[in-house]
Amino acid sequence: MNIESLLNKIKIFKELVIDSGFKRDVVDNKQAISQAQNQNLVFMKGLSENIKKNFVYFENNSLDSELSIVLRENKPFTSLNTLEELEELDSNKEIDGQQYFQKFNSILNQLQNSIQKNESELNNLKTTFDKYVSEDDEYETDEEQAIMSLIFKDLESTGSLKEFSKVLNRWNRTLLIYHTLLKSESPKEISLVEIQNGSIDVIFNIDFDIAIDLTELVKTGLRVYGAYLLYKSKTAKEIIASYMGNKKLIATEIEREKLMLDNIKESIKLKALEQHEANLKSDLPPSKTGATKKADEVAKVITDHVVKGNEVKLLTPPEPEVENEQDISTELRTETATVRERSKKLDEKEKQLLLDKYTIKDEEEKKEE
């Protein structure tokens with residue numbers, strides 16, 4: 001397994017479970033319900049609700065799959081079925097306070113022990129592998145490379161070698177085009193570091209500056225996509241319901257939905273052109289030739305990738321300039337988690353609309369070659 005990828009998975013655990021205070025809260029919850037005055041259903045169900053919300057957030061951040069890849073001595077705490085057990089407990093309409101306490105306390109004990117075992121194993125791994133990673137976070141030279149990964153979760157892309165080969169070739173071409181959009185010199189051949197199984201994780205080296213800009217580009221697309229998903233899952237339904245059947249108002253809402261759908265790809269394209277314009281002011285500006293066409297092609301591939309539920313990760317981010325500020329790889333993961341949560345609320349028809357609009361067809365690629 002690639003070391004940077006492994007360390008990234010450990011970092012996700014630390015951020016979501018330790019730094020967030022979740023591990024501490026589990027211990028505090030145990031102590032709280034050990035006191036007789038707190039062994040009432042209203043109080044304990046409130047604690048349960050908070051734990052369930054955290055597990056939904058872990059799911060949206062793919063924590064279980066990340067831990068399953070890296071842990072060897074212990075099972076991930078996310079595999080305990082904690083969420084299901086709490087939902088079953090909370091749905092029991094006949095349980096009394098003492099029975100609830102006994103079951104809830106048992107769940108918390110299991111959870112605390114499992115988190116502790118996971119943390120100990122991950123800390124040992126981190127101590128070992130930190131020695132093999134460069135401490136140079138400055139990335140000052142033009143030769144510096146960053147490590148990124150493309151995570152493929154949709155079966156259409158990964159179901160056969162033929163289709164997967166097409167997708168990898170598409171991304172290889174897109175990354176090279178994106179490089180020429182932002183820099184004047186010819187890009188190096190993008191080197192493949194590793195392909196990991198599970199959901200297929202393709203890890204590669206790329207120019208560091210390009211990696212930073214690509215991360216910002218994908219974040220832009222995810223934010224706009226997330227806004228569309230929020231509109232579709234909640235806002236639009238509430239607004240249309242308030243129109244009380246007014247056809248003119250409903251027609252304007254349908255037009256707004258169409259524009260927001262179109263804006264997913266368009267926002268990525270405009271951001272890429274904005275990055276291109278900014279780099280024209282550098283000492284070695286990129287060529288202006290075909291910039292719009294290049295930006296459009298890059299936007300098309302990124303949009304195809306994200307609407308299928310796939311991901312992009314920056315495994316070697318620079319240190320944030322402001323202390324205690326999130327690094328850009330964490331920001332990217334947060335945007336991805338938001339999209340994953342909101343996309344669950346789309347029905348099959350709405351999901352198919354996105355795929356029909358943005359999935360790249362073979363005939364489209366042949367035209368561009």
Side-chain angles (χ1 to χ4, degrees), residues 1-32 47 50-83 85 105-139 146-149 151 193-194 196-199 201 203 311 313-320 322-334 336-337:
M1 180 185 295
N2 173 263
I3 292 175
E4 284 82 2
S5 176
L6 183 149
L7 289 173
N8 181 262
K9 298 178 195 310
I10 296 173
K11 173 187 171 189
I12 291 172
F13 172 85
K14 183 174 183 296
E15 287 180 0
L16 298 184
V17 181
I18 309 302
D19 295 346
S20 70
F22 178 74
K23 177 191 172 187
R24 176 207 62 212
D25 290 346
V26 170
V27 176
D28 288 350
N29 289 349
K30 274 185 58 186
Q31 293 174 347
L47 300 181
N50 288 333
I51 293 173
K52 289 191 288 186
K53 287 178 182 177
N54 276 283
F55 269 86
V56 170
Y57 190 64
F58 297 154
E59 181 185 347
N60 291 334
N61 280 272
S62 301
L63 183 60
D64 184 62
S65 60
E66 299 282 38
L67 292 178
S68 296
I69 291 171
V70 73
L71 289 171
R72 289 293 178 268
E73 297 175 6
N74 304 283
K75 289 184 178 181
F77 78 93
T78 46
S79 68
L80 289 174
N81 295 322
T82 303
L83 180 59
E85 289 184 16
N105 191 55
S106 173
I107 292 171
L108 291 176
N109 276 325
Q110 286 183 318
L111 185 56
Q112 181 186 359
N113 291 336
S114 186
I115 290 174
Q116 186 58 56
K117 288 178 182 178
N118 287 176
E119 184 182 17
S120 297
E121 181 177 347
L122 294 173
N123 283 343
N124 289 336
L125 284 171
K126 188 175 187 303
T127 300
T128 300
F129 287 105
D130 269 344
K131 301 172 185 176
Y132 298 94
V133 178
S134 170
E135 295 180 358
D136 178 19
D137 290 321
E138 298 301 319
Y139 299 98
I147 300 176
M148 299 192 74
S149 71
I151 298 98
V193 177
E194 187 173 5
Q196 296 175 173
N197 60 7
S199 56
D201 192 347
I203 302 171
E311 301 174 28
K313 286 186 180 180
L314 175 60
L315 300 180
T316 52
E319 289 293 327
V322 179
E323 191 175 354
N324 297 323
E325 186 179 63
Q326 284 189 338
D327 64 50
I328 60 172
S329 67
T330 301
E331 291 175 353
L332 180 60
R333 194 194 73 239
T334 301
T336 302

For the residue pair [X] and [Y], establish whether any side-chain heavy-atom pair is separated by less than 4.5 Å.
X	Y	value
N74	S114	no
P317	K11	yes
I12	K313	yes
K14	K126	no
S120	Q116	yes
L16	R333	yes

To the nearest 0.5 Å, what is the distance between [atom1] on [X] and [atom2] on [Y]?
X	Y	atom1	atom2	answer
D64	S62	CG	OG	9.0 Å
T316	M148	OG1	CE	8.5 Å
N8	E66	CG	CD	6.5 Å
L71	K117	CG	NZ	12.0 Å
I107	N29	CD1	CG	12.0 Å
E121	I10	CD	CD1	9.0 Å

What pair of heavy atoms forms the shortest contact from [X] to [Y], and how long is it?
X	Y	answer
L80	L111	CD1-CA, 3.9 Å
F129	L6	CD1-CD2, 3.9 Å
L122	L67	CD1-CD2, 3.9 Å

Just jot down the ring pair (Phe, Tyr, Trp, His ring centres under 6.0 Å) partners of F58, sequence neighbours excluded, or say none.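 Partners of F58 by the ring pair (Phe, Tyr, Trp, His ring centres under 6.0 Å) criterion, ordered by chain and then number, come out as F22, F55, F77.
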
For atom NZ of K30, decide whether the heavy atoms of other residues, nucleotides or ligands shown that lie under 6.0 angstrom number more than 12.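 Yes, the 6.0 Å shell around NZ holds more than 12 heavy atoms from other groups.
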
Hey, are T330 and D327 close enough side-chain-wise for a donor-acceptor pair under 3.5 Å?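 The criterion, which ignores hydrogens and geometry beyond distance, is satisfied for T330 and D327.
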
Pairing residues for E331 by the side chain to side chain contact (heavy atoms under 4.5 Å, CB included) criterion, not counting sequence neighbours: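 For E331, the residues satisfying side chain to side chain contact (heavy atoms under 4.5 Å, CB included) (neighbours in sequence not counted) are K219, Q326, I328.
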
For the backbone of T78 and the side chain of T82, can you confirm whether one donor and one acceptor N or O come within less than 3.5 Å of each other?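 A pair under 3.5 Å: no.
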
Start with the C-alpha distance between L315 and I203, add both sets of side-chain angles, then the distance that settles side-chain contact (heavy atoms from CB on, under 4.5 Å), and finish with yes or no. CA-CA 9 Å; L315 300 180; I203 302 171; 4.1 Å; yes

